[in-house]
Amino acid sequence: MTTPADTIFALSSGAPPAAIAIMRVSGPAAFDILRGLAGRVPPPRRASVCTLRAPDTQEMLDQALALVFPGPDTATGEDLVELHLHGGRAVVRAVENAISHFPGVRRAEAGEFTRRAFANGRMDLNEAEGLADLLSAETEWQRRAATQMFGGAFSAAIEEYRQEVLRLSALTEAELDFSDEGDVDSQNNVLITDGCKKLQQQIGQLLASPPAEKLRDGLRVVLAGPPNSGKSTLLNALVGREAAIVSDIAGTTRDMIEVPVAVEGVALLFTDTAGLRDDSPDAIERIGIDRSLAAMQQADILLWLGLEGTGPEHLHLIEISAKNDISDYVAKSPNALSVSAQTGAGISALLHIVAARAKTLLPPPDQFAINARQRMLLADAAGALAACSSSEDWLIIAENLRQARRALDALTGRAHTEDLLDTVFGKFCVGK
């Protein structure tokens, strides 16, 4: 990223052509640019019709709505201008070209508007990550979790933890500095130890919650069973299209086929696998079988299409009899759910059962979900607090409390590195 002293601009709406194209300009020269294009700066926070002209030739570029937002009370914390243009490609290109010729102005990099909001205290790192998740949300469950993170629910919890660590640190410093003078409460050691344990337990509850990656990438639902048990046919019925090749020839499916689907607002990744058997003479098929076994171990939900006996041990196993349209077919397991991919019987019920099971593996829809970065820092804080609880040395306790505070500060971005910020804000599109 280059210096925030630059004024940046970018198209913030979808790619043209469109009915409207929104151009954002942020930085110290934002109002000068608007004045150069429109001949005036309209009143703040009021949509005003302006005729935009090229500064050098006075050629009309567009008749647009202009909105002016004086900093620091703006999305970026800087002077901000929005131009609502007619959304044709030529119009957008002409306005971009005119803006780029003003001094001290350049095109924004990916995520730079949001990064400036972070740098200017308009949002913290967790809220920025929540915004990125909100922009990429494809299911209702993802949208709700991202809204909670972007809305500051997680940051509010972290601030409560941070204030408690500061309180415990103050008590510890008092023990270090004044314990010989008799002015320190003798119960401080109990308060500090109990406070660290309680805070560690609270953080532990967060760490025990399902990770955001499951919510974002989708829970893995693996279809497994012996050859010709109906896995590929069932996959096609579940996802509503011909995703897998169906054949009566055993061993047709050699490798895993993955199909992302949203069911009842939940992201799922259905995975068809090679049929399991011990006597395959084909080396390629045996590789597929090994991958099937690995996929079964990694499955969040396992759909087992067995032809005899009960299914393998799995915490979230759903046994399926997939050929109830065949008159003489009898399910070998009494627990099997009877469906027919050919007639569609039972498919809706199976999807509902899978979605209901999946929802128990995800954060509640009214709760934020923590990602790998947040989880790592929370674990660091919990580890430091555990070290406090197990030590009687005030110097060690004080240092571990400082470590806990550093981890919590890193969560919100009070303590950060440029590489971390590049990673977080690089996920955004240009114009956001």
Side-chain angles (χ1 to χ4, degrees), residues 72-73 77 117-131 133 145-179 183-209 211-212 363-364 366-417 420-421 424:
D73 190 19
F118 166 76
N120 292 321
R122 300 300 297 173
M123 65 173 63
D124 66 24
L125 208 53
N126 299 313
E127 292 166 336
E129 288 178 309
L131 177 57
D133 290 340
T147 300
Q148 288 292 317
M149 183 65 71
F150 174 51
F154 179 64
S155 294
I158 296 305
E159 182 59 25
E160 288 183 9
Y161 299 161
R162 183 176 178 276
Q163 291 300 322
E164 178 62 9
V165 169
L166 287 172
R167 185 184 73 84
L168 295 171
S169 296
L171 292 175
T172 303
E173 295 296 333
E175 287 287 350
L176 283 169
D177 295 340
F178 305 113
S179 57
D183 294 333
V184 180
D185 188 345
S186 61
Q187 297 299 312
N188 275 0
N189 56 347
V190 176
L191 292 174
I192 294 168
T193 300
D194 290 349
C196 289
K197 288 180 179 178
K198 182 179 179 181
L199 191 52
Q200 180 194 353
Q201 291 171 353
Q202 291 176 332
I203 294 176
Q205 290 175 353
L206 273 184
L207 289 171
S209 64
D366 58 347
Q367 181 179 315
F368 48 77
I370 55 178
N371 60 32
R373 180 193 75 87
Q374 295 161 340
R375 189 173 295 275
M376 178 187 70
L377 291 169
L378 282 172
D380 289 346
L385 290 167
C388 292
S389 302
S390 61
S391 176
E392 296 181 356
D393 187 319
W394 291 116
L395 285 172
I396 293 177
I397 292 172
E399 177 57 28
N400 278 300
L401 284 169
R402 279 192 285 272
Q403 293 291 345
R405 189 167 68 250
R406 287 193 196 102
L408 296 175
D409 284 345
L411 273 167
T412 56
R414 283 189 173 94
H416 60 76
T417 65
L420 170 64
L421 297 186
V424 171

Would Asp133 and Phe150 satisfy side chain to side chain contact (heavy atoms under 4.5 Å, CB included), going step by step from the backbone distance to the final call? CA-CA 8 Å; Asp133 290 340; Phe150 174 51; over 6 Å; no
Taking atom types as modelled, is there a side-chain donor on Asp380 or Gln403 under 3.5 Å from an acceptor on the other? no
Write down the atom of Cys388, the atom of Cys196, and the distance for their closest heavy-atom approach. CB-SG, 3.6 Å
Student check: side-chain heavy atoms of Ser209 and Pro363 closer than 4.5 Å: no
Can you tell if the side chain of Leu408 reaches within under 4.5 Å of the side chain of Leu377, non-hydrogen atoms only? no
Which atom pair, heavy atoms only, marks the closest approach of Gln374 to Ala369? OE1-O, 4.1 Å
Between the side chains of Glu164 and Gln202, is a donor N or O closer than 3.5 angstrom to an acceptor N or O? no
Closest heavy-atom pair and its distance - Trp394, Ile192: CZ3-CD1, 3.4 Å
Could you go step by step and tell me if Ser169 and Arg405 meet the side chain to side chain contact (heavy atoms under 4.5 Å, CB included) rule? CA-CA 9 Å; Ser169 296; Arg405 189 167 68 250; 3.4 Å; yes
Where do Ile158 and Thr412 come nearest, in terms of heavy atoms and distance? CG2-CG2, 4.0 Å
Under a 3.5 Å threshold, yes or no: a donor from one side chain and an acceptor from the other, between Asn126 and Arg373? yes
If you define the side chain from C-beta out and look only at heavy atoms, does anything of Asn400 sit under 4.5 Å from Leu385? no
Hey, is Arg122 close enough to Glu127 for a salt bridge, meaning N to O under 4.0 Å? no
Tell me, do Tyr161 and Leu411 make a side-chain contact under 4.5 Å, heavy atoms counted? no
A side-chain contact here means heavy atoms from C-beta on lying under 4.5 Å apart; do Phe154 and Leu206 qualify? yes
Looking at every heavy atom in both Ala398 and Glu173, which two are closest together, and how far apart are they? CB-OE2, 3.9 Å
State whether the side chain of Arg162 and the backbone N or O of Asp409 hold a donor-acceptor pair below 3.5 Å, judged by distance alone. no
Quick check for you: to the nearest 0.5 Å, what is the distance between Leu401 atom CG and Leu168 atom CG? 6.0 Å
Given Gln163, which partner from the list Arg167, Glu160, Glu159 fulfils the side-chain hydrogen bond (donor to acceptor under 3.5 Å, both in side chains) test? Glu159
